[in-house]
Amino acid sequence: MATEGEKGQVKLLGMTLSPFVVRVRIVLALKGINYEFVEENIRAKSELLLKSNTVHKKIPVLIHNGKPVCESMIIVQYIEEVLGNKAPNLIPKDPYDRAIAHFWAAFVDDKLYPCLRGVFAGHGEQLQKAVEDSVTNFLLIEEALRTNHCFAGKPYFRGDDMSFIDMALGGLSAIIKGAEKATDSVLIDPKKMPLLSAWMDRFCKSDGVKEVMPDPAKQAESITIWRANLWV
């Protein structure tokens, strides 16, 4: 693992409002890593971005000593393994715990986020269906927080400190709140999901998170504009 002097040049290509970029920025903040943030224009992608992510041509991209690393949760793991010599330890050392962490991170990206995308893009019955599907998935997380012995009774997923799962879900916090405002929907009902609601409030107010978490009002404005253009 690199020391402060060995970390070298760290650059992050991304957009301030992107939930996937937010994940990486939170981890960089928690680990105390200095980096250069390069704001990208997704409609006019820079040559550096196109050269650094030749397969997907998407943000975020972390460039460490000239070498690009792509995909947000892969970047999170890279930072932990190569640059992260400061607590919290995001990746469990126990193989089973690590498998559980990767399972729930994959659940967020593969199951939950597509439903949220449906909320952003949906209209009428499509919107209602996307909201219902999102709520169903959030209820699964609520149930895990309540009954799973790995999570139950702990302030964060896995314990007293943030973990890999917190990064996966927590990075979406502002965009979840923004989507609720923009579509006048309730995705995380504090009465039905008290544990998940309390976790999200705790996460967003944490040091290292609140400094880089986008304003939900700005997220809502961005989503509203995007939806207006989509349904012209």
Closest heavy-atom pair and its distance - Leu13, Leu49 = CD1-CA, 3.8 Å
Keeping the roles fixed (side chain from Lys51, backbone from Leu48), state whether a donor-acceptor pair exists under 3.5 Å.
-> no
Taken to the nearest 0.5 Å, the spacing of Arg25 CZ from Ile33 CD1 works out to 13.5 Å
Near Asn41 CG, under 6.0 Å, is it more than 12 heavy atoms from other residues, nucleotides or ligands?
-> yes
Mind checking salt bridge (charged side-chain N to carboxylate O under 4.0 Å, His left out) for Lys154 and listing every partner two or more places apart, or none if nothing turns up?
-> none
Kindly give the heavy-atom pair with the smallest separation between Ala101 and Phe164, and that separation in Å.
-> O-CD2, 3.9 Å
Has the side chain of Gln9 got a donor or acceptor atom that lies under 3.5 Å from a matching backbone atom of Asn65?
-> no
Within a reach of under 6.0 Å around NZ of Lys218, are more than 12 heavy atoms found that belong to other residues, nucleotides or ligands?
-> no
Under a 4.5 Å cut-off applied to non-hydrogen side-chain atoms, are Glu36 and Ile63 in contact?
-> no
For Arg98 and Ile91, work out which heavy atoms get closest and say how close.
-> CD-CG2, 3.6 Å
Shortest non-hydrogen contact between Val131 and Val119, atoms and distance = N-CG2, 3.9 Å
Hey, are the side chains of Met200 and Met193 touching, using non-hydrogen atoms and a 4.5 Å cut-off?
-> no
For Ser52, what residues pass the side chain to side chain donor-acceptor pair (under 3.5 Å) criterion, not counting sequence neighbours?
-> none
In Å and rounded to the nearest 0.5 Å, what is the OG to CD1 distance from Ser134 to Ile176?
-> 8.5 Å
Does Lys31 reach the main-chain N or O of Leu83 with its side chain, forming a donor-acceptor pair under 3.5 Å?
-> no
Path from Val24 to Val55 over hydrophobic side-chain contacts below 4.5 Å | no
Enter the distance from Thr16:OG1 to Gln219:CD here, rounded to the nearest 0.5 Å.
-> 10.0 Å
Tyr113: what forms a side chain to side chain donor-acceptor pair (under 3.5 Å) with it, not counting sequence neighbours?
-> none
Contacts of Lys58 that satisfy salt bridge (charged side-chain N to carboxylate O under 4.0 Å, His left out) - sequence neighbours left out = none
Pairs meeting criterion salt bridge (Lys or Arg N to Asp or Glu O under 4.0 Å) with involvement of residues 179-199, two or more places apart | none
Taking only residues two or more places apart in sequence or in another chain, which ones pass side chain to side chain donor-acceptor pair (under 3.5 Å) with Ser46?
-> Glu40
Val108 vs Met73, side chain to side chain contact (heavy atoms under 4.5 Å, CB included): CA-CA, chis, key distance, verdict | CA-CA 11 Å; Val108 171; Met73 295 311 293; over 6 Å; no
Is the backbone of Leu195 close enough, under 3.5 Å, to the side chain of Ser197 for a donor and an acceptor to pair up by distance?
-> no
Report whether Val61 and Val10 are members of the same hydrophobic cluster (ILVMFWY, side-chain heavy atoms less than 4.5 Å apart, transitive linking).
-> yes
Side chain to side chain contact (heavy atoms under 4.5 Å, CB included) filter on Glu143, not counting sequence neighbours, yields Arg146, Thr147
Value for CD1 (Ile165) from CD1 (Ile100), rounded to nearest 0.5 Å, stands at 8.0 Å
Check whether more than 12 heavy atoms from other residues, nucleotides or ligands sit under 6.0 Å from atom NZ of Lys111, and answer yes or no.
-> no
Do the side chains of Leu127 and Thr183 get nearer than 4.5 Å, heavy atoms only?
-> yes
Under a 4.5 Å cut-off applied to non-hydrogen side-chain atoms, are Phe138 and Leu116 in contact?
-> yes
List the steps and the verdict of side chain to side chain contact (heavy atoms under 4.5 Å, CB included) for Phe20 and Ile75.
-> CA-CA 10 Å; Phe20 304 104; Ile75 295 171; over 6 Å; no
Sequence neighbours excluded, every pair satisfying ring-ring contact (aromatic ring centres under 6.0 Å, His included) that has a member inside residues 167-198 = none
Separation between CG of Leu187 and CG of Leu172, rounded to the nearest 0.5 Å | 11.5 Å
What one should report as the nearest heavy-atom pair of Glu80 and Asn89 is OE2-CA, 3.6 Å
Show the atom names and distances, to 0.1 Å, of all donor-acceptor pairs under 3.5 Å that link a side chain in residues 206-214 to residues at least two apart or in another chain.
from: Ser206; atom 1: OG; to: Tyr156; atom 2: OH; distance (Å): 2.8
from: Ser206; atom 1: OG; to: Arg202; atom 2: O; distance (Å): 2.7
from: Ser206; atom 1: OG; to: Phe203; atom 2: O; distance (Å): 3.3
from: Asp207; atom 1: OD1; to: Lys210; atom 2: NZ; distance (Å): 3.3
from: Glu211; atom 1: OE1; to: Gly208; atom 2: N; distance (Å): 2.7
from: Glu211; atom 1: OE1; to: Val209; atom 2: N; distance (Å): 3.4

For Arg117, salt bridge (charged side-chain N to carboxylate O under 4.0 Å, His left out) partners two or more places apart | none
Salt bridge or not for Lys129 and Asp133, using N-O below 4.0 Å?
-> yes
Please report the closest heavy-atom contact between Val21 and Pro60, naming both atoms and the distance.
-> CG2-CB, 3.7 Å
Partner of Phe157 under ring pair (Phe, Tyr, Trp, His ring centres under 6.0 Å), picked from Phe103, Phe151, Trp104, is Phe151
Which side-chain hydrogen bond (donor to acceptor under 3.5 Å, both in side chains) pairs, counting each pair once, include a residue from residues 165-177, with sequence neighbours left out?
-> Ser163-Asp166, Asp166-Trp199
Step-by-step side chain to side chain contact (heavy atoms under 4.5 Å, CB included) determination, Tyr78 to His64 = CA-CA 10 Å; Tyr78 178 86; His64 178 219; 2.9 Å; yes
To the nearest 0.5 Å, how far apart are CD in Glu221 and CG in Asp215?
-> 9.5 Å
Using the test side chain to side chain donor-acceptor pair (under 3.5 Å), find all partners of Arg23 that sit at least two apart in sequence or belong to another chain.
-> Ser72, Asp109
Would Leu17 end up clustered with Ile225 when hydrophobic side chains under 4.5 Å apart are linked, directly or stepwise?
-> no
Would you say the side chain of Met167 lies within less than 4.5 Å of the side chain of Ile26, judging by non-hydrogen atoms?
-> yes
Going by the angle between their ring planes, with limits at 30° and 60°, are Tyr35 and Phe37 parallel, tilted or perpendicular?
-> perpendicular
Should Val82 and Leu12 be counted in the same cluster of Ile, Leu, Val, Met, Phe, Trp and Tyr side chains packed under 4.5 Å apart?
-> yes
Linked, directly or transitively: Ile74 and Val76 (ILVMFWY side chains, under 4.5 Å) = yes
Side chains of Leu169 and Leu112: does their closest heavy-atom pair fall under 4.5 Å?
-> yes
